[in-house]
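Here the structure comes first, spelled out in structure tokens, and everything after it is commentary.
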Amino acid sequence: MEVKRASAEGPVISGFSGRGFRVDEGVYEGLLITPERADGWTPPPIAELTEADLAPVLGLDPKPEFLVLGTGKSLVRAPRALTEALAAKGIGVEAMDSRAAARAWGVLRAELRWIAGALYPLD
């Protein structure tokens, strides 16, 4: 799949490649992404995901409006402890399958929304 670049500044997910995501000139199987940068990520099993695993994207200044969490091939609920910890900081969690999360990233960044993303590999 090819995604056309919108007017948003910063990294843009331009498509899928194997298990991962094409972002600008790189391909990442697991991805942490902010309006400022994109980095590869080796996530823990979703049931073990904690705030510490997401620290690189949650440290935005100002803090992100919410976290787009791509949970892999299918939608999996984020751990309750994680959503509660982030809610206490005023950061929501929007979980969806990783393909949907990649598309949502593009739409939301085209709207210049200040968000963070954590995307599990596609399989």
Side-chain angles (χ1 to χ4, degrees):
M1 182 195 102
E2 187 73 26
V3 178
K4 297 206 187 281
R5 183 177 279 277
S7 61
E9 295 179 6
V12 172
I13 301 170
S14 60
F16 307 112
S17 180
R19 299 181 57 205
F21 310 91
R22 260 184 305 189
V23 179
D24 300 327
E25 301 301 316
V27 175
Y28 306 91
E29 287 191 356
L31 176 65
L32 291 178
I33 189 167
T34 71
E36 299 170 340
R37 63 181 296 138
D39 294 299
W41 181 46
T42 304
I46 191 82
E48 298 171 20
L49 184 64
T50 68
E51 187 178 354
D53 298 309
L54 303 169
V57 296
L58 298 178
L60 285 174
D61 185 22
K63 69 182 174 188
E65 296 175 50
F66 58 89
L67 173 75
V68 175
L69 178 62
T71 60
K73 185 176 180 178
S74 59
L75 170 63
V76 178
R77 289 198 180 269
R80 185 173 182 171
L82 173 65
T83 58
E84 289 175 353
L86 295 184
K89 294 182 176 206
I91 301 171
V93 176
E94 294 294 331
M96 58 195 79
D97 70 76
S98 289
R99 285 183 183 270
R103 290 187 297 271
W105 175 264
V107 170
L108 293 165
R109 285 300 300 141
E111 295 174 355
L112 301 178
R113 302 289 299 270
W114 194 252
I115 57 174
L119 283 66
Y120 276 74
L122 295 171
D123 64 356

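Counting from 1, the numbers follow the sequence of the chain as shown.
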ask   = When you measure from the side chain of E65 to the backbone N and O of W114, does any donor-acceptor pair fall under 3.5 Å?
value = yes
message = Using the rule that Ile, Leu, Val, Met, Phe, Trp and Tyr join whenever any side-chain heavy atoms are under 4.5 Å apart, tell me whether F21 and I46 fall into a single cluster.
response = no
message = Using the side-chain contact (heavy atoms from CB on, under 4.5 Å) criterion, which residues pair with R77? Sequence neighbours excluded.
response = none
key: From E9 atom CD to E36 atom CD, the distance as rounded to the nearest 0.5 Å   = 11.0 Å
query = In terms of hydrophobic clusters joined by side-chain contacts under 4.5 Å, are L58 and W41 together?
reply = yes
inquiry  = Within the structure provided, determine whether V68 and I33 are in side-chain contact (heavy-atom separation under 4.5 Å).
reply    = no
query = If you take all heavy atoms of P56 and A52, which pair is closest and at what distance?
reply = CD-O, 4.5 Å
query = Side chains of P44 and Y120: closer than 4.5 Å at any heavy-atom pair?
reply = yes
task = Could you tell me whether the side chain of R109 reaches within less than 4.5 Å of the side chain of V12, counting heavy atoms only?
result = no
task = Establish whether F16 and Y28 are linked, either directly or via other cluster members, by ILVMFWY side-chain heavy-atom contacts under 4.5 Å.
result = yes
task = Could you tell me whether the side chain of L69 reaches within less than 4.5 Å of the side chain of L49, counting heavy atoms only?
result = yes
remark   = Residues D97 and A100: closest non-hydrogen pair is OD1-N, 3.0 Å
ask   = How far apart are the closest heavy atoms of A101 and G70, and which atoms are they?
value = CB-CA, 3.6 Å
message = For a 4.5 angstrom cut-off between non-hydrogen side-chain atoms, does F66 reach L108?
response = yes
query = Tell me, do P35 and P64 make a side-chain contact under 4.5 Å, heavy atoms counted?
reply = no
remark   = Taken to the nearest 0.5 Å, the spacing of I115 CD1 from L67 CG works out to 9.0 Å
ask   = In the single-linkage hydrophobic clustering (I, L, V, M, F, W, Y; side-chain heavy atoms under 4.5 Å), do I91 and L54 co-cluster?
value = yes
message = Contact between L31 and S98 at the side-chain level, heavy atoms closer than 4.5 Å - yes or no?
response = no
task = Considering non-hydrogen atoms only, spot the tightest contact between P11 and V23 and give its length.
result = CB-CG1, 3.7 Å
key: Partners passing side chain to side chain donor-acceptor pair (under 3.5 Å) against S17 (at least two apart in sequence or in another chain)   = none
task = Any chance you could measure L119, atom CG, to M96, atom CE, to the nearest 0.5 Å?
result = 9.0 Å
request  = Nearest 0.5 Å please: distance from the CG atom of L82 over to the CD atom of E84.
outcome  = 10.0 Å
query = T71 and L75: which non-hydrogen atoms are nearest, and at how many Å?
reply = OG1-CA, 3.4 Å
